[in-house]
Every structure is written in C-alpha cells, then in structure tokens.
2 protein chains.
Amino acid sequence: MRRSSEQTKATILAAARERFAVDGYERATIRSIAADAAIDPSMVMRYFGNKEKLFAAAAEFDLQLPRLAGLDRDDVGARLVEHFLDRWEGDEALMVLLRSAVTNAEAAHRMRAIFAEQLRPVTDEFLGERDDGGQRAALAASQILGLALARYVLRFDPVVAMSRAELVAWVGPTVQRYLAGRPEASV
Amino acid sequence: MRRSSEQTKATILAAARERFAVDGYERATIRSIAADAAIDPSMVMRYFGNKEKLFAAAAEFDLQLPRLAGLDRDDVGARLVEHFLDRWEGDEALMVLLRSAVTNAEAAHRMRAIFAEQLRPVTDEFLGERDDGGQRAALAASQILGLALARYVLRFDPVVAMSRAELVAWVGPTVQRYLAGRPEASV
DNA sequence: CGGCGAAGTCAACACTTGTTGGCAAACGCT
DNA sequence: AGCGTTTGCCAACAAGTGTTGACTTCGCCG
C-alpha cells in the first residue's frame with residue numbers, strides 16, 4: 001500500500017502512543033510499534049530520527065486545564081478531579097507519560113515540566129500571590145497522580161469499581177483543601 | 001575470593017534490590033546486578049533460578065504496619081503517613097515495587113496483594129464492619145502512593161523540599177478523612 | 001515516454017539481553 | 001593425601017534491540 005507522508009507519520013505516532021501507554025518507554029520497541037502501524041521499522045527511524053525523538057513526539061500533549069478564576073471557589077477541587085478523570089480516560093497521553101516517567105529520566109523531566117508550565121499557572125492564578133503556591137499545587141498533583149496510579153495502572157479493585165461521582169465526592173474535597181484550605185484543618 | 005553460599009546470596013539480593021529500586025524491572029539487568037555484587041552473572045542464575053524469581057525475592061517485604069486499634073482515633077491518618085514516610089526512606093523495598101509495578105504485571109500483582117493482605121486487615125480492624133472498607137483503604141493508598149510518586153520518583157520540587165512535619169500536617173488529614181470521615185465533608 | 005524524488009522494503013550491523021554448560025580452584029571430609 | 005562437593009569463572013548460545021544503508025517501486029512532472 002502507498003500512503004502519503006503525513007498519513008504514515010500520523011499512523012506511526014498513533015501506534016507509538018498506544019505502545020508507550022501500555023508498555024512504557026523501555027518495553028515498547030520500535031519493531032512492535034512499526035508492526036502495529038503495518039510498516040517497516042526503518043520508516044519509523046526515517047520519520048522520527050530515533051526512539052527518544054519518537055517518544056518526545058508521542059508524549060507531547062496539553063492538559064487543557066480550564067481557567068479556575070471563573071469557577072465557584074468552593075468547587076475547584078471537584079472540577080479539577082473531573083477534568084483529570086476526563087483527561088485520563090479521553091486519550092492515552094497521560095498514560096504514556098506516567099508509565100514512562102517512573103523509569104525514564106527524560107519522561108520524568110517532561111512530567112515536571114508539565115506540572116510547572118501547565119498546572120502551576122492555573123493554580124497560581126486561582127491562589128493569587130502566596131508563598132506556598134508550589135506546595136499546594138504539588139500536593140494536589142500528588143493526589144491526582146496517586147488516584148490515576150491506583151485506578152488505571154495498579155488497578156486496585158475498589159478504586160476501579162468506584163463511579164466517577166463517587167471519586168469526585170471523595171477526592172474532590174481533598175484537592176479543594178490542598179488548594180484553598182489550611183494544613184491542619186477541614187475543607 | 002571465596003565466600004559462603006549465604007553470604008553471596010545476600011550480596012546478590014542487596015545488589016538486586018538496589019538496581020530494581022533505581023531502574024525498575026526491565027532496565028535492571030542480571031549483568032549489572034552481578035557486577036554490583038562483584039560476581040559472575042551465572043552465579044545469580046544458580047542462586048535464584050531466573051530473573052523473575054530474583055525479583056520475587058527482592059520484592060518480598062513487610063509493611064510493618066502498626067495496629068491502629070490502640071491509637072487515638074483522630075490521629076490515625078497522621079500516624080499512617082509518618083509510618084509510610086519511614087518505610088519509604090528506611091529501605092528500598094517499596095521503591096523496588098513501585099518502580100516495577102508500573103510496567104511489570106507481576107510486580108503490579110504483588111502490589112495489589114500487599115494492599116489486600118497487609119493494609120486492608122489493619123484498616124478493617126480500625127473501621128469495623130462496613131461495606132466501604134475497601135474503598136476507604138484504597139483511597140488512603142492512592143494518596144500515600146501519589147505522595148511517594150511525587151516526592152521520591154518524579155521529584156516534584158515543592159514536595160521534595162517539604163519537611164516531614166509539613167507533609168504530615170498536609171497529608172495526614174486527607175488519610176484521616178478517607179478512613180474516618182464522610183465523602184463530601186470535612187475531617 | 002523518461003527520469004527523478006519520494007515512499008517503502010530487505011538484509012544486515014553491532015550490541016545487549018537472559019540463560020546454559022563446561023571447567024578450574026578451594027574447601028571439608030576421611 | 002585423596003576424595004567429592006561446593007563455589008566460582010569463562011565462553012558461548014539464541015533471541016531481541018536500535019539503527020543503518022542499499023535496493024525496489026510507485027507517482028508525478030516535463
């Protein structure tokens with residue numbers, strides 16, 4: 001079969017995202033990705049240079065975070081949890097990053113960059129000027145990542161079984177407190 | 001050099017734990033582990049059979065959770081967070097599991113087993129008979145794992161910089177609420 | 001039609017992986 | 001001392017990795 005350059009490149013990228021999401025950086029091989037895309041491994045090299053660059057292309061993505069300013073201030077935690085559940089289930093981009101960031105330094109760096117460049121600006125705008133903005137955002141991230149880890153990666157039965165509404169009801173207030181509450185106290 | 005069987009086996013196991021903790025299952029190689037132990041790779045095979053069994057031996061460990069019954073009921077969350085911080089920083093056992101469980105099915109299974117066999121009995125005893133015991137324990141686990149992920153694996157600056165006391169003050173109440181609070185409400 | 005550049009295939013490279021079997025040296029025993 | 005067992009090393013294997021270069025085939029433009 002004959003395809004256009006753009007077409008194959010997109011096909012390879014889609015196959016790469018899936019493999020990286022399922023296997024992580026080390027276990028995903030150029031050969032398996034090429035096989036999924038029904039193409040020769042050397043094509044992958046031609047289009048992306050090497051495995052690292054392919055990963056960089058596959059891991060590029062946007063959290064698409066909403067601006068929190070317009071929201072009900074008491075509702076920010078729940079909204080964030082909902083948004084992240086959507087992002088986790090919508091496509092594989094976050095899975096690609098998480099699965100790889102645990103063992104691959106480059107992917108971990110990417111994760112930190114996304115935290116700093118995409119999450120923090122949004123929470124900073126919500127929090128205004130305070131010195132603990134970084135801590136608050138990072139704590140929220142820790143809970144959100146932990147939830148994803150338990151639900152989508154480790155597949156702890158109870159978390160897998162919980163409905164979206166239940167998750168929001170439980171975890172929303174946690175994130176809310178990290179962003180807007182006091183350490184020792186309630187929501 | 002000549003060593004006793006027990007001695008070399010222990011040396012290998014120590015080297016294996018370190019490598020698995022740093023690299024995860026796939027990137028840690030028998031050869032690198034053997035090199036760290038200053039021994040021939042074939043010795044690793046003789047003592048442990050194959051890589052899987054070596055990992056199983058290296059990933060065997062005990063959470064050493066305290067019984068929660070004797071504690072102040074309002075203090076359980078903070079105590080658990082403290083205990084887990086100790087476990088994460090005390091040795092590499094939890095790191096071995098986390099680094100591998102994200103990409104290795106066997107390690108993930110192991111993680112679920114530890115959750116079911118070591119964490120749940122302790123929380124169940126604390127919670128008594130209720131139908132949401134699994135959910136509560138899993139939510140607590142998600143926050144604790146997420147914290148470890150952010151602090152020890154991804155190394156998010158703000159979380160790395162926070163002191164033990166700060167972490168307990170922030171995360172303790174979260175765990176407390178998961179175990180003893182209501183979904184929508186405060187601690 | 002003829003030729004040229006793009007798209008795709010094939011085979012091979014150098015290297016690393018887990019794993020195996022044979023062989024040498026050191027020990028504990030009688 | 002002589003024996004067998006243990007402890008260790010060496011060399012090699014089959015398979016799989018990222019990566020490269022030469023070769024073929026297609027489609028388009030003059």
Side-chain angles (χ1 to χ4, degrees), chain A residues 1-59 96 99-107 110, chain B residues 1-59 96 99-107 110:
Chain A
M1 188 188 0
R2 189 85 175 183
R3 294 180 283 199
S4 80
S5 176
E6 292 300 318
Q7 215 176 327
T8 19
K9 199 165 176 178
T11 308
I12 293 171
L13 208 53
R17 271 195 250 266
E18 187 158 336
R19 279 287 175 177
F20 282 133
V22 174
D23 292 338
Y25 184 82
E26 348 278 346
R27 288 187 54 195
T29 70
I30 299 270
R31 282 173 156 89
S32 68
I33 291 167
D36 288 358
I39 215 161
D40 193 88
S42 64
M43 284 285 93
V44 179
M45 306 302 293
R46 182 127 82 201
Y47 282 116
F48 293 94
N50 57 29
K51 190 179 178 181
E52 260 189 51
K53 288 180 191 166
L54 174 62
F55 178 81
V96 168
R99 272 254 161 74
S100 297
V102 171
T103 47
N104 184 275
E106 186 52 43
R110 205 50 171 260
Chain B
M1 191 193 347
R2 185 85 175 183
R3 295 181 281 198
S4 82
S5 176
E6 292 300 319
Q7 211 176 331
T8 22
K9 198 165 175 177
T11 308
I12 293 171
L13 207 53
R17 270 195 249 268
E18 186 157 338
R19 279 287 174 176
F20 282 132
V22 173
D23 292 337
Y25 184 83
E26 348 278 346
R27 289 187 54 194
T29 70
I30 299 270
R31 282 175 156 88
S32 67
I33 291 167
D36 287 358
I39 214 160
D40 193 88
S42 64
M43 286 283 93
V44 179
M45 305 302 293
R46 190 178 292 180
Y47 282 116
F48 292 93
N50 58 29
K51 190 179 177 180
E52 260 188 49
K53 288 180 192 167
L54 173 62
F55 177 80
V96 168
R99 272 256 161 71
S100 297
V102 171
T103 47
N104 184 276
E106 185 52 42
R110 201 59 168 256

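Chain A is the first sequence line, chain B the second, and so forth, proteins listed ahead of strands; every chain is numbered from 1.
- In this structure, Ser42(A) does not reach the dG8(C) phosphate: none of its side-chain N or O atoms is under 4.0 Å from OP1 or OP2.
- Of the candidates dG18(D), dC9(D), dT19(C), dT19(C) carries the atom nearest the Met45(B) side chain, counting heavy atoms from C-beta on.
- Here the closest heavy-atom approach between residue Ile12(B) and residue Ile33(B) is recorded as O-CG2, 4.0 Å.
- Qualifying salt bridge (Lys or Arg N to Asp or Glu O under 4.0 Å) partners for Arg17(B), counting only residues two or more places apart in sequence or in other chains: none.
- For the residue pair Thr103(A) and Glu26(A), a side-chain donor N or O sits within less than 3.5 Å of a side-chain acceptor on the partner.
- When rounded to the nearest whole Å, the span between CE of Met43(B) and P of dT19(C) equals 15 Å.
- The stretch residues 27-36 of chain B touches DNA chain C through Ala28(B), Thr29(B), Ile30(B), Arg31(B), each having a heavy atom within less than 4.0 Å of the strand.
- Separating the CG atom of Asn104(A) from the P atom of dG18(D) is a distance of 13 Å, rounded to the nearest angstrom.
- Of all heavy-atom pairs spanning Ile30(A) and Met45(A), the tightest one is CD1-SD, 4.2 Å.
- For the pair Asp23(B) CG and dT16(C) P, the interatomic distance rounds to 15 Å; values are reported in whole Å.
- The CG-C1' distance, from Asn50(A) to dA14(C), rounds to 17 Å in whole Å.
- Taking the C1' atoms of five terminal pairs at each end of the helix from dC1(C)-dG30(D) to dT30(C)-dA1(D), the two resulting helix axes are inclined by 10°, rounded to 10°.
- Using a 4.5 Å cut-off on side-chain heavy atoms (C-beta onward), Thr8(B) and Ile39(B) make contact.
- Between Lys51(B) and Tyr25(B), the shortest heavy-atom contact is NZ-O, 2.9 Å.
- Rounded to whole Å, atom C1' of dT19(D) lies 14 Å from atom CG of Leu54(A).
- A cation-pi geometry, defined here as NZ or CZ lying under 6.0 Å from the six-membered ring centre and within 45° of its normal, does not hold between Lys53(B) and Tyr47(B).
- Counting all heavy atoms, side chain and backbone alike, Pro41(B) lies closest to Arg31(B) at CG-CG, 4.1 Å.
- Of all heavy-atom pairs between Ala58(A) and Ala16(A), the closest is CB-CB, 4.4 Å.
- The side chain of Asp40(A) lies closest to dT9(C) when the candidates are dG8(C), dT20(D), dT9(C).
- What separates CZ of Phe55(B) from P of dG18(C) is a distance of 14 Å, to the nearest Å.
- Going from atom CD1 of Ile12(A) over to atom P of dA7(C) covers 11 Å, rounded to whole Å.
- The distance between atom CZ of Arg19(B) and atom C1' of dT17(C), rounded to the nearest whole Å, is 15 Å.
- Taking the side chain of Arg46(A) as heavy atoms from C-beta on, and the options dA7(C), dT7(D), dG18(C), the nearest nucleotide is dA7(C).
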